[in-house]
Number of protein chains: 2
Amino acid sequence: MKIAVVGLGIIGGSYCKAIKKYTDHYVIGINRSPLPLEKALKCGAIDKIGSADDLSDIDIVILGVYPGAAVDFIRKNGDKIKKGAIVTDTSGIKTEICDDLTALSKEFGFTFVGVHPMAGKEKNGFDVSDGDLYKNASCIIVPCGADDESVKKVADFNLSIGFGGIKITTPEEHDRMIAFTSQLPHVLACAYVLSPNCMNHKGFSAGSYRDVSRVANINAELWSELFMENKAPLLKELETLIKNIRDIEDAISKDDKEKLMSLLQKGHEIKEALGE
Amino acid sequence: MKIAVVGLGIIGGSYCKAIKKYTDHYVIGINRSPLPLEKALKCGAIDKIGSADDLSDIDIVILGVYPGAAVDFIRKNGDKIKKGAIVTDTSGIKTEICDDLTALSKEFGFTFVGVHPMAGKEKNGFDVSDGDLYKNASCIIVPCGADDESVKKVADFNLSIGFGGIKITTPEEHDRMIAFTSQLPHVLACAYVLSPNCMNHKGFSAGSYRDVSRVANINAELWSELFMENKAPLLKELETLIKNIRDIEDAISKDDKEKLMSLLQKGHEIKEALGE
């Protein structure tokens with residue numbers, strides 16, 4: 001196949017590298033600024049530096065840019081995409097972008113299949129991209145009305161570049177679950193490091209600090225966009241979390257050891273039940 | 001030296017294994033139940049299964065039991081400890097236990113030096129103890145009025161079994177910092193996994209979920225004791241955290257992207273400044 005990757009940050013760059021590492025597909029890279037493209041060409045992560053004009057020849061277009069930019073790119077260049085080609089995104093939210101891209105797919109005659117690769121790092125950019133970023137990770141596919149054959153093609157393609165499993169879901173379930181599994185930990189990490197004690201943690205800290213604070217080194221622009229486009233599910237998770245923290249706080253405050261132990265024990269039991 | 005380790009859970013057991021792995025000291029193990037002692041003797045983590053009656057011959061006594069149990073053990077057996085011996089604890093809180101053990105050290109004629117090894121796992125018990133648990137970890141020492149020579153002896157001993165550095169502090173600073181670096185992440189992890197979405201996370205999750213939820217597999221009894229004995233500093237950290245979460249929540253709720261970005265950017269800058 002001929003594949004175009006639009007946006008060569010960590011996500012798009014890792015797609016390029018994984019495709020070249022694990023398959024024989026031909027890859028063109030499209031990016032606003034030239035530097036990542038030159039690096040990608042030099043290290044063999046792409047076969048060619050491309051532009052929107054190359055899309056007439058491409059079987060799968062992978063959008064590795066921010067959600068808003070992904071929609072803008074297709075709105076502007078959708079007419080250049082080959083009829084019947086598949087377009088997938090890599091966005092961390094789905095309800096809004098899936099509506100927009102499904103509408104555009106009908107207008108321009110391609111098939112849109114939503115994809116969210118469940119992998120990342122606390123750094124961004126092509127320099128930290130990695131051909132094994134997706135190794136054993138979960139690939140969430142949001143069909144959004146795409147035909148079964150196209151969904152299977154996207155699933156097989158993602159498995160072929162290293163993903164460990166496919167999870168097929170709706171935009172609504174995706175956004176509700178991601179609010180919990182990904183967005184909430186990012187809010188928490190930022191809120192956590194804002195404590196006045198954070199700058200003095202060295203010597204007093206170990207794995208607990210490291211793990212909860214890891215993703216605080218956040219891309220503020222990207223995550224602001226993701227949080228705001230997933231407002232309702234995220235606010236719901238935040239309310240649940242604050243209530244659960246308040247329950248523990250209340251038990252400590254009232255010296256209610258029995259209540260405190262039962263709340264902590266629930267946490268223990270959930271992790272045990274999950275086998276983690 | 002002759003060293004006694006009291007309590008062969010993950011912390012005490014790891015002390016035994018590290019001492020035998022990295023030094024030539026003689027180690028006796030003291031534990032309520034016989035099974036961990038038998039395992040420790042069999043795998044060479046201790047030289048002898050001991051009892052309180054052996055303490056008359058011991059140079060360093062390491063208390064690897066819960067804070068309350070550590071004080072009880074010394075109250076009951078302090079008269080058997082050799083005059084001039086050093087007693088260290090391994091407790092995760094210091095203000096209360098240091099007062100108690102310093103008072104007992106004067107009564108019985110030993111020297112107490114508070115120690116908090118900054119290492120652990122999300123599992124407990126001798127079976128998960130590890131001779132390299134302390135490798136490169138920070139060893140917090142709380143002198144509590146002990147003479148410099150004893151403090152140096154405790155520091156040198158801990159460095160000799162693998163610790164990467166020593167942090168000397170007061171009980172109050174220790175408890176304030178630990179409320180942030182260790183207790184808060186444990187509260188958070190438990191509060192987090194209590195979300196109704198947690199049991200369905202598989203396929204939707206990656207590193208963010210894994211890291212923030214890791215320590216939810218908590219020892220409810222131990223941590224209830226630690227939280228309640230560090231009530232004031234922990235409640236203060238919880239208030240700070242909830243305020244910081246509320247600020248982010250408020251910006252999302254009001255679609256205030258500028259405010260949201262500036263809060264997330266602060267998190268980013270703190271981690272950058274720390275070089276993490």
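Sequence lines set the chain letters: A, B, ... in the order given, protein chains first and strands last, and positions in each chain run from 1. Only this structure's heavy atoms are used, side chains among them; waters, hydrogens and symmetry mates stay out. This structure is a prediction, so every number in the text was calculated from the model and none was measured.
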Item to complete: Go through the steps for Ser253(A) and Lys231(B) under the test side-chain hydrogen bond (donor to acceptor under 3.5 Å, both in side chains), then give the verdict.
Response: CA-CA 7 Å; Ser253(A) 170; Lys231(B) 188 171 160 173; 5.5 Å; no
Worksheet item: Which one of Ser138(A), Ser224(A), Ser262(A) has the most heavy-atom pairs closer than 4.5 Å to chain B?
Response: Ser224(A)
Item to complete: Let me see the working for His201(B) and Leu274(A) under side chain to side chain contact (heavy atoms under 4.5 Å, CB included), right down to the final yes or no.
Response: CA-CA 9 Å; His201(B) 82 83; Leu274(A) 286 164; 3.9 Å; yes
Worksheet item: How about residues 158-172 of chain B versus chain A: which residues have heavy atoms under 4.5 Å apart?
Response: Lys167(B), Thr169(B)
Worksheet item: Could you walk me through whether Phe204(A) and Glu173(B) pass the side chain to side chain contact (heavy atoms under 4.5 Å, CB included) check?
Response: CA-CA 10 Å; Phe204(A) 291 104; Glu173(B) 184 182 38; 3.9 Å; yes
Worksheet item: Relative to chain A, which segment of Lys123(B) carries a heavy atom at a distance below 4.5 Å: side chain, backbone, both, or neither?
Response: side chain
Practice prompt. Side chain from CB out, backbone as N, CA, C, O: work out which of these in Val193(B) comes under 4.5 Å of a heavy atom of chain A, or both, or neither.
Written response: both
Discussion item. Taking side chain to side chain donor-acceptor pair (under 3.5 Å) as the criterion, tell me which of Glu269(B), His268(B), Lys271(B) meets it with Asn217(A).
Written reply: His268(B)
Worksheet item: Do you know which of Asp247(B), Asn219(B), Ile245(B), Leu234(B) has the most heavy-atom pairs with chain A at a distance under 4.5 angstrom?
Response: Ile245(B)
Item to complete: Heavy-atom distances under 4.5 Å only: say whether Ile252(B) touches chain A with side chain, backbone, both or neither.
Response: both
Discussion item. Heavy-atom cut-off 4.5 Å, strictly under: side chain, backbone, both or neither for Asn136(A) against chain B?
Written reply: neither
Practice prompt. For Leu241(A) and Ser195(B), run side chain to side chain contact (heavy atoms under 4.5 Å, CB included): C-alpha distance rounded to whole Å, both residues' side-chain angles, the deciding distance at 0.1 Å, then the answer.
Written response: CA-CA 7 Å; Leu241(A) 180 79; Ser195(B) 164; over 6 Å; no
Fill in: Under 4.5 Å from any heavy atom of chain B - which part of Ile140(A)
side chain
Worksheet item: Is it the side chain or the backbone of Asn200(A) that comes within 4.5 Å of chain B heavy atoms, both, or neither?
Response: both
Discussion item. Sub-4.5 Å heavy-atom contacts with chain A: which residues of residues 174-186 of chain B show up?
Written reply: His174(B), Arg176(B), Met177(B), Ile178(B), Phe180(B), Thr181(B), Ser182(B), Leu184(B), Pro185(B), His186(B)
Worksheet entry | pair Thr240(A)-Pro196(B): side-chain heavy atoms closer than 4.5 Å | yes
Discussion item. Check this for me, if you would: do Lys257(A) and Glu229(B) make a salt bridge, where the nitrogen-to-carboxylate-oxygen distance has to be below 4.0 angstrom?
Written reply: no
Discussion item. At a 4.5 Å cut-off on heavy atoms, which part of Ile270(B) comes close to chain A: side chain, backbone, both, or neither?
Written reply: both
Worksheet item: Between Glu276(B) and Ser213(A), does a side-chain hydrogen bond (donor to acceptor under 3.5 Å, both in side chains) hold up when you go through it step by step?
Response: CA-CA 9 Å; Glu276(B) 288 166 0; Ser213(A) 71; 4.5 Å; no
Worksheet item: Considering only heavy atoms, which portion of Val187(A) lies under 4.5 Å from any heavy atom of chain B: side chain, backbone, both, or neither?
Response: both
